[in-house]
2 protein chains.
Amino acid sequence: MNQALRILDIFIKIQEYSDVFQHKQDGLLDEISLTEVHCIDCIGMTDHPNVTKISEQMGLTRAGISKISKRLLSKGLIESYQEPDNNKEIYFRLTESGQSVYDKHKKIHNKASQEWLTFFEHYSDDDQAAILRFFTDLNDLFYSKSADKIEKEK
Amino acid sequence: MNQALRILDIFIKIQEYSDVFQHKQDGLLDEISLTEVHCIDCIGMTDHPNVTKISEQMGLTRAGISKISKRLLSKGLIESYQEPDNNKEIYFRLTESGQSVYDKHKKIHNKASQEWLTFFEHYSDDDQAAILRFFTDLNDLFYSKSADKIEKEK
DNA sequence: ACGTTTTTGTTAACGCGTCAACAAAAACAT
DNA sequence: ATGTTTTTGTTGACGCGTTAACAAAAACGT
């Protein structure tokens with residue numbers, strides 16, 4: 001992934017978590033939590049998503065995803081299915097209403113991306129380069145620290 | 001507050017929340033949660049801190065602070081007192097062990113600030129200016145959005 | 001083929017903070 | 001002074017996600 005896009009991604013996440021109201025405006029988060037929307041997003045994007053895969057992608061525990069998926073099932077936003085050759089793994093797919101949530105979220109997401117890019121393009125090329133480098137360095141710094149952490153936990 | 005310091009402050013917070021391990025390394029967070037440490041910090045810095053004041057400063061509910069203060073009391077990190085002219089408000093102060101946590105946290109905080117400044121100073125003046133402006137703009141953007149939000153909630 | 005190990009999903013107990021409802025004290029109004 | 005309103009702190013019910021323990025299925029080793 002391009003580094004500029006990576007930074008964009010970070011900011012979208014910040015925006016999503018701090019500006020929950022943006023979703024609220026669209027009436028998306030009235031009955032569904034932000035985590036549930038992210039889970040729907042993950043299910044919509046993943047091939048044969050099961051509890052384990054989703055938990056890895058979302059950085060939550062399997063137990064957590066197990067409960068979230070139960071909520072989504074009871075809300076009729078997803079449904080589960082299995083493959084004939086595997087009796088253990090349980091996969092999920094979006095229902096029609098789940099797909100609608102998915103689409104709305106994607107639309108909001110794209111709108112935020114666009115706003116962000118517009119915001120960023122107001123800076124000169126030199127400024128953009130400086131900002132990008134700063135975030136890249138920062139990312140590396142955090143990454144190396146995380147690596148340290150993992151190292152120590154072993 | 002200076003804008004550079006403001007940005008520093010934002011990053012310290014990010015660092016604190018994402019790099020909990022940094023506290024763990026110092027054995028600070030083994031028995032105390034990060035929120036509890038912040039509460040101790042708040043009590044240590046505030047004059048006559050009571051549940052209401054602390055909740056306002058920390059952005060948590062009174063109910064939350066009420067419970068956190070009970071935990072801190074039971075851990076012997078803070079103690080409560082009242083003033084003779086007021087039978088309603090209950091204030092807190094740090095015990096000796098609470099003060100020790102406060103000092104350790106401040107030390108870690110200062111260290112993080114110093115690291116951050118060092119990191120930042122590696123950039124040229126022009127780059128620093130660009131980065132600062134970027135964050136200032138971002139801050140303004142978020143602030144105006146929040147203002148919109150408050151407006152709509154009325 | 002069969003015993004062992006790993007993977008997968010679920011559940012109960014827990015910790016954390018919120019919300020709503022409440023009682024007691026304080027502040028206010030007249 | 002007295003009745004009303006506001007402030008303050010607490011509690012119970014709740015939602016959310018984690019940890020730990022578990023059973024069932026799959027994968028592995030020989």
Side-chain angles (χ1 to χ4, degrees), chain A residues 16-18 20-21 23-24 29-43 46-75 77-93 153, chain B residues 16-18 20-21 23-24 29-43 46-75 77-93 153:
Chain A
E16 264 189 347
Y17 275 100
S18 63
V20 179
F21 64 91
H23 288 81
K24 273 189 181 157
L29 289 191
D30 293 343
E31 304 283 337
I32 318 169
S33 78
L34 187 54
T35 309
E36 285 170 358
V37 174
H38 285 162
C39 193
I40 287 174
D41 196 53
C42 183
I43 290 173
T46 309
D47 177 53
H48 280 71
N50 58 1
V51 167
T52 301
K53 254 194 210 172
I54 298 170
S55 68
E56 284 166 357
Q57 284 195 36
M58 290 185 64
L60 298 180
T61 60
R62 291 210 309 278
I65 300 299
S66 180
K67 291 180 181 179
I68 293 167
S69 65
K70 291 231 170 302
R71 296 206 299 268
L72 292 175
L73 281 169
S74 74
K75 290 177 186 178
L77 294 165
I78 63 174
E79 53 192 20
S80 60
Y81 67 97
Q82 291 191 280
E83 293 296 352
D85 61 328
N86 192 318
N87 258 326
K88 191 168 57 159
E89 302 188 356
I90 302 168
Y91 310 104
F92 300 105
R93 69 164 77 90
E153 279 175 352
Chain B
E16 263 188 348
Y17 275 100
S18 63
V20 179
F21 65 91
H23 287 81
K24 272 188 182 158
L29 289 190
D30 293 344
E31 304 281 338
I32 317 170
S33 78
L34 187 54
T35 310
E36 285 169 359
V37 174
H38 285 161
C39 192
I40 287 174
D41 196 52
C42 183
I43 290 172
T46 309
D47 178 53
H48 281 72
N50 59 0
V51 168
T52 301
K53 256 194 209 172
I54 298 169
S55 68
E56 284 167 357
Q57 283 195 37
M58 290 184 66
L60 298 180
T61 60
R62 291 210 309 276
I65 300 299
S66 180
K67 290 177 184 182
I68 292 168
S69 65
K70 291 231 169 304
R71 295 206 300 267
L72 292 175
L73 280 169
S74 75
K75 290 177 185 177
L77 294 165
I78 62 173
E79 54 192 20
S80 60
Y81 67 96
Q82 292 191 280
E83 293 296 351
D85 61 327
N86 192 317
N87 257 327
K88 190 168 57 160
E89 302 188 356
I90 301 168
Y91 311 105
F92 301 105
R93 69 165 77 89
E153 279 175 349

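Within every chain, numbering begins at 1; the chains are lettered A, B, ... in the order of the sequence lines, protein sequences first and strands thereafter.
Under 4.0 Å is where a charged nitrogen must lie from a carboxylate oxygen, and between Lys75(A) and Glu31(A) no such pair does.
In this structure Lys70(A) satisfies the side-chain contact (heavy atoms from CB on, under 4.5 Å) test with no other residue, sequence neighbours excluded. Every residue two or more places apart in sequence or in another chain that forms a side-chain contact (heavy atoms from CB on, under 4.5 Å) with Gln82(A) is listed here: Ile90(A).
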Practice problem: Apply the test side chain to side chain contact (heavy atoms under 4.5 Å, CB included) to residues Leu72(A) and Phe92(A): give CA-CA distance (whole Å), side-chain angles for both, the deciding distance (0.1 Å), then the verdict. | Solution: CA-CA 10 Å; Leu72(A) 292 175; Phe92(A) 300 105; over 6 Å; no
Quiz item: What one-letter contact string describes nucleotides 9-17 of chain C from 5' to 3', where B marks a base within less than 4.0 Å of any protein heavy atom, S marks contact via sugar-phosphate atoms alone, and - marks no contact?
Solution: BBBBB--SS
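Here CG of Leu77(B) is found 12.0 Å from OG of Ser69(B). Values are rounded to the nearest 0.5 Å. Here Asp41(B) contributes atom CG and His38(B) contributes atom NE2; the two are 7.0 Å apart, rounded to the nearest 0.5 Å. Taking CD1 from Ile43(B) and NE2 from His48(B), the interatomic distance works out to 13.5 Å, rounded to the nearest 0.5 Å.
The nucleotide range of DNA chain D contacted by chain A, defined by atoms under 4.0 angstrom from heavy atoms of the protein and reported 5' to 3', is dC16(D) to dA26(D).
Ser80(A) is not listed as a side-chain neighbour of Arg93(A), based on a closest heavy-atom distance of 4.5 Å or more.
Relative to the axis of its first five pairs, the axis of the last five pairs of the helix from dA1(C)-dT30(D) to dT30(C)-dA1(D) sits at 20°, rounded to 10 degrees.
For the residue pair Glu79(B) / Tyr81(B), no side-chain donor-acceptor distance below 3.5 Å is found, with atom types taken as modelled.
Sorted by first and then second residue, the side-chain hydrogen bond (donor to acceptor under 3.5 Å, both in side chains) pairs involving residues 50-66 of chain B (not counting sequence neighbours) are Thr46(B)-Gln57(B).
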